[in-house]
Asker: 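Sharing a structure here in structure tokens format.
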Amino acid sequence: MAALSLLLLASLLWVPVGTLTCYGDSGQPVDWFVVYKLPAHSGPGDAAQRGLRYKYLDEDSGGWRNGAGFISSSTGAVGRSLLPLYRNTTSQLAFLLYNDQPPQSSGSQDSSSRGHTKGRQLTYTYPLVYDHRLEGDFAQKFPHLEEVVKGHHVRQGPWNSSVTLTSNKGHMFQSFAKFGNFGDDLYSGWLVEALGSDLQVQFWQRSSGILPSNCSGVQHVLDVTQTAFPGLAGPTFNATEDHSKWCVAPERPWACVGDMNRNKREEHRGGGTLCAQLPALWKAFQPLVKAWEPCGK
């Protein structure tokens, strides 16, 4: 989890039904939740503890709440939701584990051409899979996942894809994914037009080739420079301290959680974002934007 600052989990219709379910910080099943891992400097305690604190959100939480303990705990939302992955020893649970920075135990692999990705539509995002289990009915129903494990990906355009995903409770999520051959910024090159709204984008701004705010089109893409959680305790932090990737429409109820930075290198890497028009999600993210870079700076 060290490389992830933001995580959105939704109980999407997968197989087998009921095996993998989202659990909230309360320990009860939820349709979706968001965990926002806070930068290490943003709380009391020693450095290791500060790097594990998080904010929590679901449709019934009434906004952001302090996380229940640390993000590494097995009793919080992330830990409870992923327990079946570690406890199940039968073929009834299928999984793929992937990251562009895989655990050292998985061996040395060149990840420079692989997707900077933590989300769906895997033949477009081109993930580096370091562990998997695909057996039984699941493997037969989704043969393309075996191709993903082998490192296969889309071979011809279009190099981007948008699909609608439906949660167990019927909430709609729009998944946007691009392959490296798309050759453009996810946000200014596609998402801003697809959503029909200006976008304020939070991403990690300590990489090379950062793309400035873009106001060349009808809708504008503005780089968030500072994030602030509500309340006296905040916390407030700069984009250079926050590894999360998300965006929000200032005036329309779109909020997205993804995996792409805005820099020249990631114009040529796979990745994407998951968007929704959920009131609870938008009302939580829209006020987080404290400052952004204007165009023409």
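A quick note: this is a predicted structure, and the numbers were derived from the prediction, not measured.
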Asker: By the disulfide bond (SG atoms under 2.5 Å apart) test, which pairs, at least two apart or in different chains, include something from residues 160-227?
Answerer: C215-C295
Asker: Does H153 have its ring centroid less than 6.0 Å away from the ring centroid of F179?
Answerer: yes
Asker: Find out whether W246 and T227 are in side-chain contact, i.e. whether some heavy atom of one side chain is under 4.5 Å from a heavy atom of the other.
Answerer: yes
Asker: Is Q205 reaching over with its side chain to a backbone N or O of V224, donor-acceptor style, under 3.5 angstrom?
Answerer: yes
Asker: Quick check against the 3.5 Å criterion: does R133 have a side-chain atom that pairs as donor or acceptor with the backbone of F95?
Answerer: no
Asker: Taking side chain to side chain donor-acceptor pair (under 3.5 Å) as the definition, give me every residue that meets it alongside S162, ordered by chain and number, with sequence neighbours left out.
Answerer: Q174
Asker: Quick one: which residue pairs count as a ring-ring contact (aromatic ring centres under 6.0 Å, His included) with a foot in residues 203-232, not counting sequence neighbours?
Answerer: Y36-F229, W64-F229, W204-H243
Asker: Within the side chain of D58, is there an N or O that forms a donor-acceptor pair under 3.5 Å with the backbone of W32?
Answerer: no
Asker: Under 4.0 Å between a Lys/Arg side-chain N and an Asp/Glu carboxylate O for E241 and R206?
Answerer: no
Asker: Kindly write out the residues that satisfy salt bridge (charged side-chain N to carboxylate O under 4.0 Å, His left out) with D185, not counting sequence neighbours, or none if the list is empty.
Answerer: R262
Asker: Report the C-alpha distance between T240 and N238 in whole Å, list the side-chain angles of each, state the deciding distance to 0.1 Å, and finish with yes or no for side-chain hydrogen bond (donor to acceptor under 3.5 Å, both in side chains).
Answerer: CA-CA 5 Å; T240 54; N238 297 325; 4.7 Å; no
Asker: Using a strict SG to SG cutoff of under 2.5 Å, would you count C256 and C275 as disulfide-linked?
Answerer: yes
Asker: Return each pair, listed once, that meets side chain to side chain donor-acceptor pair (under 3.5 Å) where at least one residue sits in residues 272-283; pairs must be two or more places apart or across chains.
Answerer: none
Asker: Would E293 and T225 satisfy side-chain hydrogen bond (donor to acceptor under 3.5 Å, both in side chains), going step by step from the backbone distance to the final call?
Answerer: CA-CA 6 Å; E293 178 189 84; T225 57; over 6 Å; no
Asker: Going by disulfide bond (SG atoms under 2.5 Å apart), name the pairs with one or both residues in residues 144-185, residues two or more places apart or in two chains.
Answerer: none
Asker: Taking the side chain from D25 and the backbone from A68, do they hold a donor-acceptor pair closer than 3.5 Å?
Answerer: yes
